Amino acid sequence: MIEIRLPDGKALDVPAGSTVLEVAERIGAGLARAALAGRIDGELVDLRTTIESNAAIEIVTSRNPEGGEVIRHSAEHVMADAVKRLHPNVQIDVGRTDHSEKFQYDFLVENPFTPADLEQIEKEMQKILAEKCPFTRRVVTRDEARALFSEMGEELKVSRLDDIPEDAEISVYEHGQFTDLCRGPHVQRTDQIGAFKLTETAGAYWRGDESNPMLQRIYGTAFANKKELKAHLQAVEEARQRDHRRVGQDLELFFIDPLSPGSPFYLPKGMILYNGLIDFIRSLYPAYGYDEVMTPQVFRTEIYKTSGHYQLFRDDMFLMQGDEDEELGLKPMNCPGHCVVFASRKRSYRELPLRLAEFSRLHRNERSGTLTGLSRVRSMAQDDAHVFCEPEHVDQELDRFFEMTDEVYRALEIEGFEVAVSTQPSEFVGDPADWKLAEQTLVGAVERAGFQHAIKPGDGAFYGPKVECDFRDVLGRAWTLSTLQIDVAMPERFGLRYIGRDGNPHRPAMLHRAILGSLERFIALYTEMKGADFPFWLAPEQAVVLPITEKHLDYARGVGKALTDAGLRARVDDRNEKLGFKIREAELCKIPLMLVVGDQERADGTVTPRWRHGASGKAGATPVPALVEALAQDVDNRRTPRISQ
RNA sequence: GCCGGUGUAGCAUAGUGGUUAUUGCAUCUGCCUUGUAAGCAGAGGGUCACGAGUUCGAAUCUCGUCACCGGCUCCA
């Protein structure tokens, strides 16, 4: 007998070798019916897993978040089963369920799936659910597995066997006639997948390699019941309303015209955001020791041959012909130019660290299929800077980067990001030993800053490893905003030297870094994070004056002028409409402050403030000069106004 | 770049081979004189993305091009 500890603190004695499901049955028949998976000492396991020694056991049902994952993982198998039933010649590759609400499965198929195919597959899946097929788990040897899948004609599956480590247990799961190589866990019966929906199809290269054939992927989502599915679909729909592409158009921030795919046209209101963010970052530079420079937009390609861009980044560059044999390139990054600035005269250790900042526009000829609103563009500006320092000062510069990032995130009130360190890619410049060292240096800095982080193998820039802060958009896609890279190549390629204390020339260390990332991507993500409720100091339109009737127009215009004279972005809604109508419009336009003026206000020289989302001022009517002064001061301090909000 | 989907007025949409292309919001005009999220009425606005083809007839079917959307690859 072994002792089982349950989450409520109770203990249970069961025979060694009991399954998790048997433990659930001991606790109660209802729990056993609802069980989807279990946990042994915290590790998610299948219900059929046997328990060999004393352990803490937890039964996972649809009430646990992991329950959903198990359901989706099982739905994956059911989908593959349905596809095989309808299209026996299709080969299955692998499925995947990440921590989102999605599941997917890849198929090698002659003709890509159509939306009509999806409907059919859904119907077939419904049948499989109705059949209430039990899932069974079987451990097999590598040879057995190979023979099994070869016999079924699943060649892709056979090749996937090689991905499984030598010492790992190989298990297959079966339900009905369908067998798949799988670690599990899975639900007990197909009907425990209460509700699902196939959402989309997509092409996906086999093993994620562009040189491999393209498989067809189907995405879906599944839940314990219809209610949860409906709630999820509704949440997705609501998130779409915050999509920066929609908001950017509705609020007239920017647009992108087919005449220049991937290159935004910023409208006046979008420019307020763009310039406001740059001004904010620029305001921090004196304290953090940055010097702003501006370097050319177009260079002779020699510079890119020196930097390595010409060899490794060429497909992403806009190249053009100059005079005769001269080839020119629009700059995709500021780093080569900053190396030229560094090298423009002799440098002493006394002027290091030299931190060169630049907000120039950059152009990258991104492949057409990758463009996405402002998140991925061909024309952008970064809040870019390159730090040249003595090698022994790198750690301290990295710490300073995290401090500045923290200050910016706090001021903009953003959070919820994931940190990752990306390592040496297959195509790179520099010495692999330097890469190793740089990677360790980055990891050390991330740990000092107190961040949990993932490693992204091979995802570094061609000139060095990077640390990145990724934020998710409304569709759950991760995008890098802040990033820092240690450059292991350019200082040497450009022959950069400074004179040290010892009077000898030394090679400086070089860091690339951006806090907002690119202004474009930042505006995209920030708009979605905030639902376009920008802080008062950044809001494209800060205040609107709402006269009750046309009688109050003159007074309203006076209030509006007092605001604009103080540098605030305000206007008067002089349309002949009811107050409720004007308030609704102002809310939809995301204007933070509405100032209502009628007979009473005009008589007293006041306004009645109403903050967005209906937060009316407790103070009621406020004298105009006091309000204007307080607002202007808060804008100067980039603070959210405290007056009556 | 690759796979799939979509493209109708400023925006959101109806219209799957047959009069003059639908509706809502927005715009303009008039009425109403308005107190915290949509007053009323009328008018204007369309190369149905672009190009070719099929057909007596194409927004609708076919092919090509472009752009966008979701993925893949790549990336701030």
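Every chain is numbered from 1, with letters handed out A, B, ... down the list of sequences. Only this structure's heavy atoms are used, side chains among them; waters, hydrogens and symmetry mates stay out. Predicted, not measured: the structure shown is a model, and the values here were computed from it.
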From CZ of F359(A) across to C1' of rA76(B) the rounded distance in Å is 15 Å
When E210(A) and R246(A) are each assigned the nearest nucleotide of RNA chain B, the 5'-most assignment goes to R246(A)
**Item:** Below 4.0 Å: OP1/OP2 of rA76(B) and any side-chain N or O of T480(A)
**Value:** no
As its Watson-Crick or G-U partner within any shown strand, both distances under 3.5 Å, rG53(B) has rC61(B)
- Message: Measuring to OP1 and OP2 of rC72(B), would you say a side-chain N or O of R207(A) lies under 4.0 angstrom away?
- Response: no
Whole-Å distance, L546(A) CG to rU33(B) C1', equals 16 Å
ask   = Under 4.0 Å between a side-chain N/O of R612(A) and OP1 or OP2 of rA37(B), yes or no?
value = no
From CG of L371(A) across to P of rC72(B) the rounded distance in Å is 16 Å
Query raised in the report: Quick one: do E210(A) and R367(A) make a salt bridge, cutoff under 4.0 Å?
Result: yes
- Would you say rU33(B) has OP1 or OP2 under 4.0 Å from some side-chain N or O of R575(A)? no
ask   = Do R364(A) and D315(A) meet the salt-bridge criterion of a basic N to acidic O distance under 4.0 Å?
value = no
Taken to the nearest whole Å, NZ/K551(A) to P/rG35(B) is 11 Å
State whether the distance check finds a donor on one side and an acceptor on the other, under 3.5 Å, for side chain E601(A) versus base rG35(B). yes
The single option from R361(A), R378(A), Q382(A) that satisfies side-chain contact (heavy atoms from CB on, under 4.5 Å) with E520(A) is R361(A)
On RNA chain B, more 5' by nearest nucleotide between M380(A) and E587(A) is E587(A)
Atom CG of D106(A) and atom C1' of rC3(B) are separated, to the nearest Å, by 12 Å
Which part of the nucleic acid, if any, lies within reach of E577(A) when heavy atoms closer than 4.0 Å are counted: base, sugar-phosphate only, or nothing?
base
- Write down the distance separating the C1' atoms in rG57(B) and rU16(B), rounded off to the nearest Å. 16 Å
**Asked** If only side-chain N and O atoms of K466(A) are considered, is one of them under 4.0 Å from the OP1 or OP2 phosphate oxygen of rA76(B)?
**Response** yes
- Query: Is R513(A) near enough to rA76(B) that one of its side-chain N or O atoms lies under 4.0 angstrom from OP1 or OP2?
  - Reply: no
As its Watson-Crick or G-U partner within any shown strand, both distances under 3.5 Å, rU33(B) has none
By the Watson-Crick or G-U definition, both distances under 3.5 Å, rC72(B) is matched with rG1(B)
Only residue of V572(A), V624(A), T606(A) satisfying side-chain contact (heavy atoms from CB on, under 4.5 Å) with V559(A) is V624(A)
Between D243(A) and R246(A), does at least one N-O distance fall below 4.0 Å, as a salt bridge requires? no
Taken to the nearest whole Å, CG/D257(A) to C1'/rG10(B) is 14 Å
task: Take atom C1' in rG15(B) and the same atom in rU33(B), then report the distance between them in whole Å.
output: 42 Å
- Query: Can you tell me if the side-chain N/O atoms of R367(A) get under 4.0 Å from OP1 or OP2 in rC2(B)?
  - Reply: no
For rG42(B), the nucleotide meeting Watson-Crick or G-U wobble distances (both under 3.5 Å) is rC28(B)
- Query: With the threshold set at 4.0 Å, does a side-chain nitrogen-carboxylate oxygen contact exist between E200(A) and R217(A)?
  - Reply: no
Original post:
rG1(B) base to Y205(A) side chain: any donor-acceptor pair below 3.5 Å?
Top reply: yes
From NZ of K456(A) across to P of rC74(B) the rounded distance in Å is 12 Å
Rounded to whole Å, CD of Q249(A) lies from P of rA9(B) at a distance of 12 Å
**OP:** Check whether more than 12 heavy atoms from other residues, nucleotides or ligands sit under 6.0 Å from atom CE of M294(A), and answer yes or no.
**Re:** no
field: Sugar-phosphate, base or nothing in reach of G580(A), heavy atoms under 4.0 Å
entry: sugar-phosphate
